[in-house]
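Let me begin by presenting the structure, written as C-alpha cells, before commenting on it.
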Amino acid sequence: MKGNEYSELYDSYENVVLPRRHWWQIDLKALWRYRDLIMLFVKRSFVTQYKQTVLGPLWAIIQPILTTLVFTVVFGNIAGLAPSGVPKFAFYFCGYILWSYFAACLTATSNTFISNAHIMGKAYFPRLCAPVSTAISQLISFAIQFVLFMGIWIYYYAAYGSVSVTSYIFMVPLLILQTALLSMGVGIIVSSLTTKYRDLTHLVSFGVQLWMYASPVAYDTSKFERFGFLFKYNPVTPIINIFRLAFLGVGEFQPVQYGISVAVTVIVFVIGVILFNRVEKNFTDTV
Amino acid sequence: MNRNIITFQNVSKLYDLGVIGTGTLKGDLQSAFAKFRGKEDPNRKIISSDNTKQDRFYALKDISFDIKKGQRVGIIGHNGAGKSTLLKLLSRVTAPTSGAIAYNGRITSMLEIGTGFHRELTGRENIYLNGAILGMSKAEIAAKIDRIIEFSEIEKFIDTPVKRYSSGMYVKLAFSVAAHLDSEIMIMDEVLAVGDVAFRQKCLAKMDEISKTDGRTILFVSHNMNTIRQMCDRVIVLKEGRIIFDGDVEAGIEEYFKNDLKMPARIDLSESPRSALSIENRLKITSFEFTNCKKADFSAGFVSFKINFLSEKEYKNLRFLLELKSLDGYSVAAARSEIIEHIDKGEYFAEFSADFSSVCTGKYQLYVAAFIYDRYGIPKQIDRPRTHINLQIRGGDGTRRWLAQSWGRIKLPNLRLIEKSYE
C-alpha cells in the first residue's frame, strides 16, 4: 500500500482521501452520522410511492391478497401442495408476505447504484445509506401486510380455532432481521457488479422468481423431499419454515439447516458490504 | 487565518475511454477464460494491438495546491480542462487515481443545484431531503428552515410539490438550502448560472457575506468571468489537466483567454464571416491595421490605424465604429469615427487616430464596423466582420493602481475638487 507516503497529512487534516483504502476500512460511523438521510430516503420512497393514488398504502395489501388467492387456488386446491390441518389461505399468506419482503428488498437494493446514480454523481454521502434505507422502507410495506396477517390469524383463531402460536414466535424479529440482511447482502453484491455488468439487472427479476420456486412459498417442504438439496441449502427455506411454525404450528425446525442459513446470511452480507465499499468510490466513472 | 484547509498533493485522475472491459459479464469471462488457457483473447480489439495507454486519458495530471482558510478560489479553464473532475474529487464523488487530497471540516458540494429533489415532494420536504444529502442533520435543518424559506422568496408555495414549480422557483429553493449550510468548505459548479438577475445578485451577496463573516472557504467553477471577478480573490487556471496559473484574478482571467493570443498589427478581414445584422453588403472592410506600432500592443493614449475597404456603390455620410470588448466578450467601450461625407465606387483606405487613454490596462478584443445614418437619423450597419482584432493596452496605471476587478475598465477623468473646507 502506498498510503505511507502521505501519512503526515493525517497530522494536520481531519479528512484524507487516498486512491485506495483497505477492504476493512468501512466507515460505519459516517453511516450513523447520516442516519437522518436514511430516514428521509425512507420517507421519500414511501411518500412518493403512494402520492396521487386513491387507495394509497392499501396497495401494499391488495397485491399480496390477490397473489395469495391465486396460490391458494392453484397450488392449494388444484395441485394440492398445501399441508392439511391449516387454513390454506393463512398458510400461503404467511409465507408469501415474508418472501415478498425478501424479493422486493433484493430487487430494490440490486438497483442501488443505477437508480441513485444522479444523486451519487453529484453529492457525497455514505453510499450504504441507499440500500439500508431501501431495506427499511420495504419493511414498512411488510409491517402493513403483517398487520393484515394478524387480522386473518385472529379470524381463523376465533372462528375455527385452526391456528395456534408456538414458542418460535420469539424468533420472529430475528427472522425478519435475517431476511433483511440476506436480501440486502445479495442485493448489494448484485448492485456492485451491475456497475460494470448490466447483464445482471436482467438476471435479477428472473432469478428472484426462480428462487421463489426453490423456497417453500407455494408449497410445504414436506412435499418436496426429492429435491432435498435445493431446499436444504437454500437459506430462505428455514426462515419461511420457522416463520410459519411460529404462527401456524406447521412446518419444521431443523437446527443444522437453520445454522447453515444464518452462516450463509452473515457471509453473504459481509462479502456484500466489502464489495460495495470497494465499488462505491469510483462507480460514477463507470455507471 | 493562514492555516491551510485543503491540500492536493500530486493528484491525478485517469479515465478509461470507451467501453470498460468488454461491457458484458459473458465477454469478460470469455476473455479471462481464454487468458487462463493461454489462448488469444477472443474479444481483443483488432485495431489497437496492445497500446492500452491510448484508451486512457488523464483528466487531471499531477495537480498540487493548497488553499487557505477563507479563500475564495475560482477555477477556470476551457471545457475538458479538468475543472469538474477537480471538484468531483474534492467532493468525494469519485476517488483519485493517485496522489492524496486532505481537508479539514465539512465540505458541501453544489455540483448541481437541487441534488436529490424529488418532484412529488413538497418544497419543505425537499429542503430536508436536499439538506440531508448535502450533509446536514435534521435538527440543523429544522433550526434554519424559516430562514431558508424566507431567503427563497417562495413562502407561498413551500407546501406544494416541486413538480408544480417554475424552474426559477426550483432554483431559488435549491440555492437557498445550499447557502444556509454550515460547512467550512463550499464547492460550486456553475450553479449561479441560473435564476433571474436579481436573485443571482442576492446569492452572490449571500456568498460574499458567509465567506467574509464566517471565514468560509469557497471553490467556484464558472465560465462567467464577471461572476468570478465578483466572487473570488484567487484563481486557478487549468489547461489539459494541469495548473497553468494560480494567483491574482485579473491576471488569471487573461491567462485563461490568452491561449496563443497573437496580436498582429495588421489583420485581413476580407475572408471573415459577416454579421447578419448588416442591411446590405455593398461595402466590405478588407483589412485593419495599426499604423504606428509593430504589434497591437501599445501604451494607453493616441494610436492611429488604417481601414481598407471596398465599396460597390456610392455612400453618403459613412462612419466607422470601433467596439472594444473584454476577452470574455463584454462590451467595454466604443468609438465612432468622424463622418466621411461622400465616397464613390472603388477601393479606399481611411486612416484615423483613436484615444484609448481612458481604457485601463489589459487585453481586449476590437471589432470594426461601418455604418451610415438613414434619413431618419437612425444608424444602419452596412458591414461588420465577425473576426476580432486582439490588442493589449499597457499604461502607467497598472492593475495595481486601477482595480479593474471591481471598478471596471474605463477610467473616467479624475474628479475635480471644487472646494474643501471645514463644515
Side-chain angles (χ1 to χ4, degrees), chain A residues 2-3 5-21 30 33-41 43-45 47-52 116-127 129 193-200 202-203 278 280-287, chain B residues 3-7 9-13 15-16 20-21 23-28 88-112 115-116 118-122 125-126 128-141 161 189:
Chain A
K2 266 172 71 183
E5 204 180 316
Y6 297 106
S7 56
E8 79 277 9
L9 286 175
Y10 285 98
D11 303 337
S12 39
Y13 294 96
E14 293 163 24
N15 307 289
V16 177
V17 183
L18 294 169
R20 280 168 293 269
R21 62 186 159 198
R33 251 200 331 271
Y34 276 82
R35 61 191 181 279
D36 286 338
L37 179 63
I38 296 176
M39 292 327 289
L40 284 163
F41 274 153
K43 193 179 162 198
R44 179 188 68 170
S45 70
V47 170
T48 54
Q49 205 171 354
Y50 300 117
K51 254 195 183 172
Q52 284 197 6
N116 289 304
H118 60 289
I119 307 178
M120 292 180 174
K122 296 293 179 187
Y124 173 78
F125 51 87
R127 305 317 194 194
C129 287
L193 296 174
T194 45
T195 60
K196 244 182 125 179
Y197 309 111
R198 290 289 174 94
D199 313 42
L200 289 171
H202 300 284
L203 194 70
R278 271 196 86 82
E280 66 162 26
K281 285 194 107 173
N282 282 315
F283 93 97
T284 42
D285 304 346
T286 49
V287 160
Chain B
R3 257 183 67 218
N4 283 342
I5 190 163
I6 303 170
T7 184
Q9 297 195 354
N10 312 103
V11 173
S12 294
K13 177 69 186 178
Y15 280 108
D16 287 307
I20 295 158
T24 62
L25 184 54
K26 183 184 159 225
D28 276 9
K88 272 189 181 171
L89 287 176
L90 189 52
S91 49
R92 294 179 64 189
V93 166
T94 185
T97 310
S98 64
I101 301 165
Y103 59 91
N104 278 321
R106 271 201 297 190
I107 291 188
T108 301
S109 56
M110 289 185 264
L111 298 188
E112 168 196 70
T115 306
H118 198 288
R119 290 164 38 77
E120 298 287 345
L121 299 178
T122 68
E125 288 166 333
N126 269 315
Y128 279 101
L129 184 61
N130 184 228
I133 288 174
L134 296 176
M136 281 200 279
S137 73
K138 213 171 168 178
E140 280 177 274
I141 306 165
D189 191 358

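Throughout, protein chains are lettered first and strands after them, A, B, ... in sequence-line order, and every chain is numbered starting at 1. What you see is a predicted model; the values in this text were computed from it and never measured.
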*Yes or no on side chain to side chain contact (heavy atoms under 4.5 Å, CB included) for A:Val47 and B:Glu120, after CA distance, side-chain angles and deciding distance?*
CA-CA 8 Å; A:Val47 170; B:Glu120 298 287 345; 6.0 Å; no
For [X], is it the side chain, the backbone, both or neither that has a heavy atom under 4.5 Å from a heavy atom of chain A?
X	answer
B:Ser137	both
B:Leu90	neither
B:Thr7	both
B:Thr97	backbone
B:Ile141	neither

*Would a distance-only check, ignoring hydrogens and angles, find a side-chain to backbone donor-acceptor pair under 3.5 Å from A:Glu14 to B:Gly105?*
yes
_Using a 4.5 angstrom heavy-atom cutoff, name the option from A:Leu193, A:Ile38, A:Asn15, A:Ile119 with the most pairs to chain B._
A:Asn15
Can you name the nearest heavy-atom pair linking [X] to [Y], along with the distance?
X	Y	result
A:Val16	B:Ala102	CG2-CB, 4.0 Å
B:His118	A:Thr48	CE1-CG2, 3.2 Å
B:Ala132	A:Leu40	CB-CD1, 3.4 Å
A:Ala123	B:Val93	N-CG2, 3.8 Å
A:Arg44	B:Leu129	CD-CD2, 3.6 Å
B:Ala139	A:Asp36	N-OD2, 4.4 Å

What I'd like to find out is whether the side chain of [X] reaches to under 4.5 Å of the side chain of [Y], using heavy atoms alone.
X	Y	result
B:Asn4	A:Tyr13	yes
B:Lys138	A:Met39	no
A:Val17	B:Arg92	yes

_Gap separating the OG1 atom of B:Thr94 from the OH atom of A:Tyr124, nearest 0.5 angstrom_ =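 OH of A:Tyr124 is found 12.0 Å from OG1 of B:Thr94.
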*What distance do A:Met120 atom CE and B:Ile133 atom CD1 have between them, rounded to the nearest 0.5 Å?*
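Rounded to the nearest 0.5 Å, the CE-CD1 separation comes out at 9.5 Å.
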*asked:* With a 4.5 angstrom heavy-atom cut-off, is it the side chain or the backbone of A:Arg127 that approaches chain B, or both, or neither?
replied: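 It is the side chain, since no backbone atom gets that close.
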